[in-house]
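Worksheet: the structure to be examined is printed underneath.
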2 protein chains.
Amino acid sequence: MTLEANGKTKTEKYRRILEAAIKVFAEQGFFHSTISQVAKEAGVADGTIYLYFKNKDDILIQFYNYKTRNIFNRFRETVKEAENPSEKFRNLIRCHLREFQRDHNMAVVYMAEARKGRHLDKFVDELTKMYLNMVGEVVEQGQAEGTFRKNLYLSLVKRYVLGAVEAVISTWVYAGGKYDLESMADPLVDLFLRGIGSDDVAAG
Amino acid sequence: MTLEANGKTKTEKYRRILEAAIKVFAEQGFFHSTISQVAKEAGVADGTIYLYFKNKDDILIQFYNYKTRNIFNRFRETVKEAENPSEKFRNLIRCHLREFQRDHNMAVVYMAEARKGRHLDKFVDELTKMYLNMVGEVVEQGQAEGTFRKNLYLSLVKRYVLGAVEAVISTWVYAGGKYDLESMADPLVDLFLRGIGSDDVAAG
DNA sequence: CCGGTAAATGAATGACTATTCATTATAGAA
DNA sequence: TTCTATAATGAATAGTCATTCATTTACCGG
């Protein structure tokens, strides 16, 4: 029986390299990291990396595949679980923060490298679109039910939500992940829903 | 009289190299750009670059100095001109969008590289803080005057505003600067002030 | 224990490119 | 015109790494 057929050792090593790579990338940035460093961190030879990945870029691409599919499934679930649009919205934000808090290295790499290399654009783009769509659906539902305002520039709203959440995550990453990120969810949702204007003035 | 004493040719070449560099960086990304490309774009020899800049990284650092000081002065002015906090807030956002729209290459480089290299962190950090402080001051003034809600998590508000504005700029950059960015200001300010919740529900 | 296949190794290769510096051009002063 | 100091040049250097591949190791069936 080969290792491939077994399917266990192969997968384990693949994961080990991937986790090692993300750790190294998180510490040094993608461009400043070397294959040798990744290999060392993973406890394999340099050449071994190339049995599992096409090249250095491919490691990042696989990373996005490996991690973000899972996360997006969790996003979907948490949205599905909620009963009304504003609860869906709150769950989505909370889950987003929780998942990034869960894996600090991933958060660093995602935040730092997501808006970079030409190759990755297509994939990151897809993910971003998925997220924006999710926000869009929830907001439209909320509009239909009367929880959210009707006169919203929807595509702007979607960007604004994603941008603000990512900014909060970036700040947390930058601070070294010292405080509890998930607890930002409620105040943030409050801002999204009510804005910063005082109620009398804003409504006018 | 030397060129240095003259002060004109020297500065002109410095600017020429800087603009060329930003153009190249915007097209290829900092890491994928070579000094030779920058030199070619600027119409000088490779070695000439090193008469004006310490090294490749220094070009980016100088860029942040050269561009963002001006922009921040404009931010300050536009805020000073407005009479009340919500007008100050609106002016700030509008000016932010306008200045980035004005120089597409700058926008690309700023958005792509701001959250990267170890060396730049200190400087980008400073600029970010300056911006956050400006937002903070305006919001606090607005709270004192009753235009903005009292119970705001201020440090969160600052991040949320910057994050959302940057997301809107990123989207514009990514789309190739095709549409009018400044016109996003009013809808965006509206979101900041009123949020997305319908007034009756949000107020409850 | 043997033979063969798959997996892993890591030294060697080949590109690439930031940076240097010996040389050349320039431009004002005398 | 000649001299001098400054600016500019770009070929050569030196170092870095991604990637390859000839060799070794591990493993399994028979």
Side-chain angles (χ1 to χ4, degrees), chain A residues 1-63 109 113 116-120, chain B residues 1-63 109 113 116-120:
Chain A
M1 195 202 282
T2 70
L3 289 174
E4 174 81 59
N6 180 323
K8 189 144 185 201
T9 302
K10 181 110 187 186
T11 295
E12 268 172 25
K13 191 155 287 187
Y14 173 84
R15 294 238 163 140
R16 190 141 55 87
I17 293 171
L18 209 42
E19 295 289 355
I22 296 318
K23 185 176 173 195
V24 173
F25 294 169
E27 280 162 4
Q28 325 236 319
F30 178 74
F31 282 100
H32 282 128
S33 301
T34 70
I35 291 291
S36 289
Q37 288 176 303
V38 172
K40 198 173 179 187
E41 178 71 38
V44 300
D46 294 14
T48 306
I49 306 267
Y50 291 87
L51 300 175
Y52 296 89
F53 300 90
K54 217 165 64 216
N55 52 41
K56 193 182 167 188
D57 283 0
D58 191 44
I59 302 177
L60 252 196
I61 293 170
Q62 296 295 327
F63 160 71
V109 174
E113 315 293 347
K116 292 303 301 296
R118 301 276 84 74
H119 321 278
L120 304 171
Chain B
M1 197 201 282
T2 68
L3 288 176
E4 174 81 57
N6 181 321
K8 189 144 184 203
T9 303
K10 180 109 185 187
T11 295
E12 268 172 25
K13 193 157 285 186
Y14 172 85
R15 294 240 165 139
R16 190 142 55 86
I17 292 171
L18 210 42
E19 295 290 353
I22 296 317
K23 185 175 174 198
V24 174
F25 294 169
E27 280 163 2
Q28 323 235 317
F30 178 75
F31 282 98
H32 282 128
S33 302
T34 70
I35 292 292
S36 289
Q37 287 176 303
V38 173
K40 198 172 179 189
E41 178 73 36
V44 300
D46 293 15
T48 305
I49 307 268
Y50 291 88
L51 300 176
Y52 297 89
F53 300 91
K54 221 167 61 222
N55 52 42
K56 193 183 169 189
D57 284 1
D58 191 43
I59 303 178
L60 251 197
I61 293 171
Q62 297 296 328
F63 160 71
V109 174
E113 315 293 347
K116 293 301 303 300
R118 301 278 82 76
H119 322 278
L120 304 173

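Note on naming: letters A, B, ... go to the chains in the order of the sequence lines (proteins, then strands), and numbering restarts at 1 for each one.
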Applied to residues 42-56 of chain B, the salt bridge (Lys or Arg N to Asp or Glu O under 4.0 Å) test, sequence neighbours excluded, yields none
Do any side-chain nitrogens or oxygens of B/Tyr52 fall under 4.0 Å of OP1 or OP2 in D/dA8?
-> yes
B/Gln62 and B/Tyr14: side-chain donor and acceptor closer than 3.5 Å?
-> yes
Round to the nearest Å and state the distance from B/His32 atom NE2 to C/dC16 atom P.
-> 13 Å
Atom pair CD1/CD1 of B/Ile17 and B/Ile59 - distance to nearest 0.5 Å | 7.5 Å
Whole angstrom is fine here: how far is it from CZ in B/Phe25 over to C1' in C/dA18?
-> 12 Å
Starting from P on D/dA14, measure out to CD1 on B/Ile35 and report it in whole angstrom.
-> 19 Å
Taking A/Phe25 as the fixed residue, which of A/Phe31, A/Phe63, A/Phe30 is the one that meets the ring pair (Phe, Tyr, Trp, His ring centres under 6.0 Å) rule?
-> A/Phe30
Does a nitrogen or oxygen in the side chain of B/Ser36 sit under 4.0 Å from OP1 or OP2 of C/dT17?
-> no
Among C/dA8, D/dT20, D/dT9, which is the nearest nucleotide to the side chain of B/Val44?
-> D/dT9
Side-chain N or O of A/Lys54 less than 4.0 angstrom from OP1 or OP2 on D/dT19?
-> no
B/Tyr50 meets the ring pair (Phe, Tyr, Trp, His ring centres under 6.0 Å) criterion, sequence neighbours left out, with none
Checking C/dA8, C/dA18, D/dA18 against the side chain of B/Lys56 (C-beta onward), the nearest is C/dA18
A/Gln28 CD to D/dT16 P: how many Å, rounded?
-> 14 Å
Looking at every strand, decide which applies to A/Thr34 at a 4.0 Å heavy-atom threshold: base, sugar-phosphate, or nothing.
-> sugar-phosphate
Do B/Leu18 and B/Phe53 have side chains that get closer than 4.5 Å, going by heavy atoms?
-> yes
Protein-nucleotide distance (B/Lys13, atom NZ; D/dA7, atom P), rounded to Å | 10 Å
note: A/Leu51, atom CG; C/dG10, atom P; distance rounded to Å ~ 13 Å
Mind calculating the distance between CD1 (A/Ile49) and C1' (D/dT19) to the nearest angstrom?
-> 12 Å
Once you round it to whole Å, what is the distance between C1' of C/dT17 and CG of B/Asp57?
-> 14 Å
Separation between CG (B/Leu60) and CG (B/Asn55), nearest 0.5 Å, reads 10.5 Å
Sub-3.5 Å pairs of nitrogen or oxygen atoms, protein against nucleotides 12-14 of chain C:
none

